[in-house]
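Data block below; observations after.
Order of appearance sets the numbers: ligands from 1, and atoms from 1 within every ligand. For this chain, numbers begin at 1 and follow the sequence in order.
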Amino acid sequence: MKLLKLIANLGYGSRKQVTALFREGRIADADGEPLYTDDELGVQAAYEAIRVDGEPLDPPQGLLLMLHKPPGYVCSTKDKGRLIYDLLPPRFRLRDPVLSTVGRLDRDTSGLLLLTDDGALLHRIISPKSALSKVYEATLAEPLRGDEAAIFASGTLMLESEQKPLLPAALEVLEPQRARLTLHEGRYHQVRRMFAAMGNHVDALHRVSVGGLALGDLPAGEWRALDDADRVKLLAG
Ligand code: URA
């Protein structure tokens with residue numbers, strides 16, 4: 001791919017704007033030598049050696065990242081209010097292919113959210129065939145009754161307006177009003193609806209892991225690009 005298209009696709013600007021960056025000598029190699037628009041990647045400089053205003057390029061196509069979503073942010077590019085894209089570099093919203101969320105978390109849910117521009121990977125992660133685990137910690141309005149774990153594990157719980165019962169889910173009681181729930185599917189508002197079916201209410205919900213990948217100590221509102229080792233972990237769970 002030509003450098004001009006590659007850099008425009010990363011969201012640095014339209015082709016016209018990126019052409020201007022080249023003309024102004026703002027796109028250079030690691031030694032500060034200006035690069036030319038019409039060369040292919042690798043002819044003048046390897047991806048890692050390209051600089052825009054002295055800064056390395058954003059991660060290339062095939063980006064997978066994790067965001068620690070705080071409560072109050074919506075998983076959308078254009079809803080009203082605070083959007084998860086506000087927590088990423090503004091250029092990321094302009095990338096082509098687009099950077100999409102891998103599934104969604106409700107506005108009031110916090111925790112591990114994945115984003116990628118790799119459509120095949122996205123489908124693999126959310127595919128029912130992969131049945132990747134998703135682990136949530138829920139803080140409840142009422143103490144647990146005691147029979148929830150058996151009901152959630154039964155594979156027979158039917159949520160309102162659904163045609164099929166839920167897959168078995170594992171509940172671990174952490175405190176009388178706090179529990180960890182492991183799901184292998186992702187239905188609309190699933191955790192909140194499961195506890196509502198038990199006559200309870202989720203006051204706070206936090207996702208701690210997807211597949212074998214945990215949020216770890218990434219602070220709320222921060223993100224990090226995932227590497228090959230992270231991908232292996234993710235898909236191994
Ligand atoms: N289940 C929910 O109810 N909400 C989420 O955000 C994720 C899972």
Side-chain angles (χ1 to χ4, degrees), residues 64-88 99-116 122-128 130-142 144-145 148-149 151-175 177-216 218-223 234 237:
L64 172 67
L65 64 86
M66 68 153 76
L67 171 70
H68 183 162
K69 178 190 174 299
Y73 284 79
V74 179
C75 292
S76 154
T77 48
K78 45 179 183 284
D79 259 85
K80 289 204 189 94
R82 289 180 290 178
L83 307 179
I84 52 114
Y85 289 93
D86 300 341
L87 300 166
L88 301 173
L99 189 62
S100 312
T101 63
V102 180
R104 285 173 172 227
L105 292 176
D106 302 338
R107 193 189 56 193
D108 295 329
T109 302
S110 59
L112 173 51
L113 181 70
L114 296 167
L115 290 102
T116 187
L122 186 150
H123 285 109
R124 190 160 165 208
I125 299 169
I126 62 173
S127 161
S130 307
L132 288 188
S133 61
K134 284 164 279 244
V135 181
Y136 295 89
E137 286 180 3
T139 305
L140 303 165
E142 306 291 336
L144 289 151
R145 301 188 312 212
E148 293 92 343
I151 295 172
F152 290 171
S154 69
T156 61
L157 178 62
M158 191 75 111
L159 294 179
E160 231 177 85
S161 66
E162 296 269 344
Q163 311 297 329
K164 280 207 312 203
L166 297 179
L167 292 176
L171 181 87
E172 190 189 334
V173 178
L174 301 174
E175 289 170 27
Q177 288 180 221
R178 243 167 55 79
R180 185 175 297 138
L181 183 61
T182 304
L183 305 183
H184 293 277
E185 58 186 337
R187 303 206 201 172
Y188 182 66
H189 288 175
Q190 184 169 343
V191 177
R192 294 175 198 277
R193 289 164 73 211
M194 286 172 76
F195 282 105
M198 302 294 105
N200 212 324
H201 176 81
V202 172
D203 277 346
L205 187 60
H206 181 76
R207 182 156 72 185
V208 293
S209 65
V210 176
L213 189 69
L215 185 58
L218 187 67
E222 305 223 341
W223 64 277
L234 169 67

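- Of the options L114, L132, L64, I125, a side-chain contact (heavy atoms from CB on, under 4.5 Å) to L213 is made by L114 and by none of the others.
- Taking each heavy atom of L215 and G111 in turn, the nearest pair found is CD2-CA, 3.9 Å.
- No N or O atom of Y136 sits closer than 3.5 Å to an N or O atom of ligand 1.
- Annotation for ligand 1: atoms under 4.0 Å from non-hydrogen atoms of T109 are 4 (N), 5 (C), 6 (O).
- F152 places none of its side-chain heavy atoms less than 4.5 Å from the side chain of T182.
- Between C75 and T101 the shortest heavy-atom distance is CB-CG2, 4.3 Å.
- Annotation: atom 1 (N) of ligand 1 to nearest protein heavy atom, V191 N, 3.1 Å.
- Listed by number with element, the atoms of ligand 1 under 4.0 Å from a non-hydrogen atom of L205 are 1 (N), 2 (C), 3 (O), 4 (N), 5 (C).
- Both the backbone and the side chain of D106 come within 4.0 Å of ligand 1, judged by heavy-atom distances.
- Residue L183 does not touch ligand 1, judged by heavy-atom distances below 4.0 Å.
- Heavy-atom minimum distance, G81 versus D86: O-OD2, 4.4 Å.
- For ligand 1, one of its N or O atoms has an N or O atom of R192 under 3.5 Å away.
- Contact annotation: the side chain of R187 approaches that of K164 to within less than 4.5 Å [non-hydrogen atoms, C-beta and beyond].
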